[in-house]
Number of protein chains: 4
Amino acid sequence: MPDDRSASSAPAEAPSAAPLARPARLRADAARNRAQVLEAAAAQLAAPDGDLAMNVLARTAGVGVGTVYRHFPTRQVLLEALAADGLEALVAAAETAAADECSAGLEAVLRTGLRLQLTDAALGAVLAAQEPACVDTRALTERLESAVGQVLDRARTAGDVRDDVAPDDVRRLLYGLARAVSCGPGRLAPSARYVDVLLQGLRPHG
Amino acid sequence: MPDDRSASSAPAEAPSAAPLARPARLRADAARNRAQVLEAAAAQLAAPDGDLAMNVLARTAGVGVGTVYRHFPTRQVLLEALAADGLEALVAAAETAAADECSAGLEAVLRTGLRLQLTDAALGAVLAAQEPACVDTRALTERLESAVGQVLDRARTAGDVRDDVAPDDVRRLLYGLARAVSCGPGRLAPSARYVDVLLQGLRPHG
Amino acid sequence: MPDDRSASSAPAEAPSAAPLARPARLRADAARNRAQVLEAAAAQLAAPDGDLAMNVLARTAGVGVGTVYRHFPTRQVLLEALAADGLEALVAAAETAAADECSAGLEAVLRTGLRLQLTDAALGAVLAAQEPACVDTRALTERLESAVGQVLDRARTAGDVRDDVAPDDVRRLLYGLARAVSCGPGRLAPSARYVDVLLQGLRPHG
Amino acid sequence: MPDDRSASSAPAEAPSAAPLARPARLRADAARNRAQVLEAAAAQLAAPDGDLAMNVLARTAGVGVGTVYRHFPTRQVLLEALAADGLEALVAAAETAAADECSAGLEAVLRTGLRLQLTDAALGAVLAAQEPACVDTRALTERLESAVGQVLDRARTAGDVRDDVAPDDVRRLLYGLARAVSCGPGRLAPSARYVDVLLQGLRPHG
DNA sequence: AATGAATGAGGGTTCATTCAT
DNA sequence: AATGAATGAACCCTCATTCAT
């Protein structure tokens, strides 16, 4: 259930000033505009160049710049909106892994996290960011941290992971892994190996 | 002898089109300017923002823009010049490790490579780049690759490293490691641990 | 009716990639800005120096550079916009001449074409250009070519023009004539004579 | 004898401050440098782009910028030096035509003048210029004017040329002719025709 | 809500020219 | 004489952002 975001744990938070990566409700045309902008942004970001100029974005999305700014007041908000699907998928994978009895959850998290970053350029930016701009990105990263914590705990108990590995290490290493994969030729080939290396490296002892 | 670059044989080689990260000889004032630009560039790159505008650079270096362009026709050339010292140090470490009898060479390479990247922001950019812009950066990266190859061979023979690890994997993982370290709070603390993890992960078996 | 450009049929044509020398409709303030830029550009071009720097243009027109670029993405587009009035006048003259019964049409075309070039520095640039940048400049040059073709046909029939003269020769000779007039002292005096010479030279026989 | 420039009519003029398109005597290496610069400049000017940046020129000529400036203090001086050969050839043609008994001299001048302009881009610039920068360019243009005057006189007497054609008209029309030829496809084809047209147009009556 | 015109700071790059070596 | 390093004005162009319509 990847989309229960708005029914998530934090029950009745004070309405924050922080922007939403996904507004609760939207006029039909506004929703369509928003979707067009996101699609165009994903396309631009996926391009080899990879920049994300608001004017160009507006033009390729077929809307005015003002509309882009209405939906995404800062680039960070836009990035988080772009990353939302991937981040949710990662959270879902982590929560599933946390719920599983077996101790292979960490592997699932790493493989999924790497695959998603290679698919979705914005996800890396969000993983690397110190601080999310949107409240529900924060909610997701908190869920991620919590689920990864559980996964790590179980793995640690099973003797599969060193004692000194925290959820934030997983975030960082996952991000670094994607950078390692992306800075050379071939992306699929090294991915599996690098995850193997990382998993093996995270085991206790030496 | 890691630094015999300038002692190469042919005294009057055909002028190559590829720019040099470090020209062989320079008028005294030109050398001073060049050093000032490099110093200013290092400062700018080390700043939290981390951009590197040529005109700002010129101003803070106290020279005209044209002077910056004369010395560094492209940003990539500038980056490689900035990275040259660090890259040389890394090559030296790798060659020393290759010459060593003991099998701990890989560890030295990784620790040094990570430390240097954290010190010198340009080194990461050069490690990540597919293709160097300057001939002697290429020479250095080739020496690095070769030395790391020897280090890996010895380690593999000693049973310390998996079969499927190539020098290019070391380059990529080293770069990714620096990204992992840099995308969160604290840089010293995780560095040692992450190198441990990587070393352990590179060992054979699983 | 030489000016039915804007009265074309299709109300919602597919947006063409080619820039328009004159956009169909414009917000009031945009139209004013555009006119100011054109006025300033004409002034700069008419100056003895005759260059046309975009930033200077913006300043003298009292708008931002971006506004100049919005209206005129390239210098060629700007030139064509500057030349539009003159080119239209020339087309009108040629079409009138084509409609006339009498055989003196060519003379009118040459005199008008020369006079307009001397008045409007951009017209020469457009006449000299191989390929227009804007769709409606192209439309105008095509109308010009067609009308001049008719004029030539009639004149040829009347025995006033050599067989081997095509509309493109008229374009080139007209441009060359303006250069000849402009590269020396006095512009009115030689103009009439040079047109006489050209007309006489275009007559059959030898 | 195209190279008797320095032995020309003006017998003992006061030494002028104006630069010489060709210095009387030169150290051997200086002469070689000068020739290299001229060759490189001709190449640059002949390129489709056709600009003439001093720095680039110096580099392609294999000399320092300072050397270029020593030989050619202004761009105009350089242009005149580039045009010198062509201009001399034109002067020679005109003087030959002036010496001839027959009345076809004007045709030779026009054909030669057009051909030389198409060969040598700098010649057009010199023909178009109001005022030469170098004393011996001036000497040449004066010889040209004088010879063309004689040619015209003879032609006029023979009834081949209108009364109101002066040498300066020939200069301007010749320049304009080259512009007309150069602003379209094909250069050889129209050249002959356009000279015919001009010759015919210059005949008396109508 | 949406639009898109306008802005202008900002960064990029070139090149004519000077001058110390 | 020659060199070429240095200069910096001058242009180029983009793009984030605002705001009137």
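Here the structure is a predicted model, which means the values were calculated and not measured. So you know, we letter chains A, B, ... as the sequences are listed, proteins then strands, and number each from 1.
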Engineer: So, does C:N33 get its side chain near the phosphate of E:dA6, meaning an N or O under 4.0 Å from OP1 or OP2?
Structural biologist: yes
Engineer: Mapping D:M54 and B:D51 onto DNA chain E by nearest heavy atom, which one lands closer to the 5' end?
Structural biologist: B:D51
Engineer: Whether the side chain of D:R59 engages the backbone of D:M54 through a donor-acceptor N/O pair (distance < 3.5 Å, no angle test) should be reported.
Structural biologist: no
Engineer: Nearest-Å distance, CG (D:L78) to C1' (E:dT17)?
Structural biologist: 15 Å
Engineer: Just how far, in rounded Å, is C1' of F:dT18 from CZ of A:F72?
Structural biologist: 19 Å
Engineer: Is there a donor-acceptor pair closer than 3.5 Å between any side-chain N or O of A:D51 and the backbone N or O of A:A53?
Structural biologist: no
Engineer: Any sub-3.5 Å donor-acceptor pair from D:Q36's side-chain atoms to D:V63's backbone N or O?
Structural biologist: no
Engineer: Would you kindly give the CG-to-P distance between B:D29 and E:dT18, to the nearest whole Å?
Structural biologist: 19 Å
Engineer: What is the distance, rounded to the nearest whole Å, between atom CD of D:Q76 and atom C1' of E:dT17?
Structural biologist: 18 Å
Engineer: 5'-most contact on DNA chain F: C:Y69 or B:R70, nearest heavy atom basis?
Structural biologist: B:R70
Engineer: Check step by step if side chain to side chain contact (heavy atoms under 4.5 Å, CB included) holds for A:L79 and A:L45.
Structural biologist: CA-CA 10 Å; A:L79 280 174; A:L45 216 55; 4.0 Å; yes
Engineer: When Watson-Crick pairs (N1 to N3 and N6-O4 or O6-N4) and G-U wobble pairs (N1-O2 and O6-N3) count only below 3.5 Å on both distances, what is the dot-bracket string of DNA chain E, with | for other-strand pairs?
Structural biologist: .||||||||||||||||||||
Engineer: Nearest heavy atom decides the nucleotide; on that basis, is C:L52 or B:T67 closer to the 5' end of DNA chain F?
Structural biologist: B:T67
Engineer: Closer than 3.5 angstrom, by distance alone: can the side chain of D:E80 be matched with the main-chain N or O of D:C134 as a donor-acceptor pair?
Structural biologist: yes
Engineer: Donor-acceptor check, side chain of B:Q44 to backbone of B:G50, threshold 3.5 angstrom: yes or no?
Structural biologist: no
Engineer: Below 3.5 Å, does any donor atom in the side chain of A:N55 face an acceptor in the base of F:dA16, or the other way round?
Structural biologist: yes
Engineer: Which residues, if any, of residues 57-66 of chain C bring a heavy atom under 4.0 Å of DNA chain E?
Structural biologist: C:V63, C:G64, C:V65, C:G66
Engineer: How many whole angstroms separate atom CZ of A:R32 from atom C1' of E:dA1?
Structural biologist: 12 Å
Engineer: Return whichever of B:R75 or C:V68 has its heavy-atom-nearest nucleotide of DNA chain E closer to the 5' end.
Structural biologist: C:V68
Engineer: Between E:dT7 atom C1' and C:Q36 atom CD, what is the distance in whole Å?
Structural biologist: 14 Å
Engineer: Please check: side-chain N/O of D:Q76 versus main-chain N/O of D:A133, any donor-acceptor pairing under 3.5 Å?
Structural biologist: no
Engineer: Do the side-chain N or O atoms of C:H71 get closer than 4.0 angstrom to the phosphate oxygens (OP1, OP2) of E:dA6?
Structural biologist: yes
Engineer: Is a side-chain donor or acceptor of B:T60 paired with a backbone partner of B:L57 at a separation under 3.5 angstrom?
Structural biologist: yes
Engineer: Just by modelled atom types, is the C:L52 backbone N or O under 3.5 Å from a matching donor or acceptor in the C:R75 side chain?
Structural biologist: yes
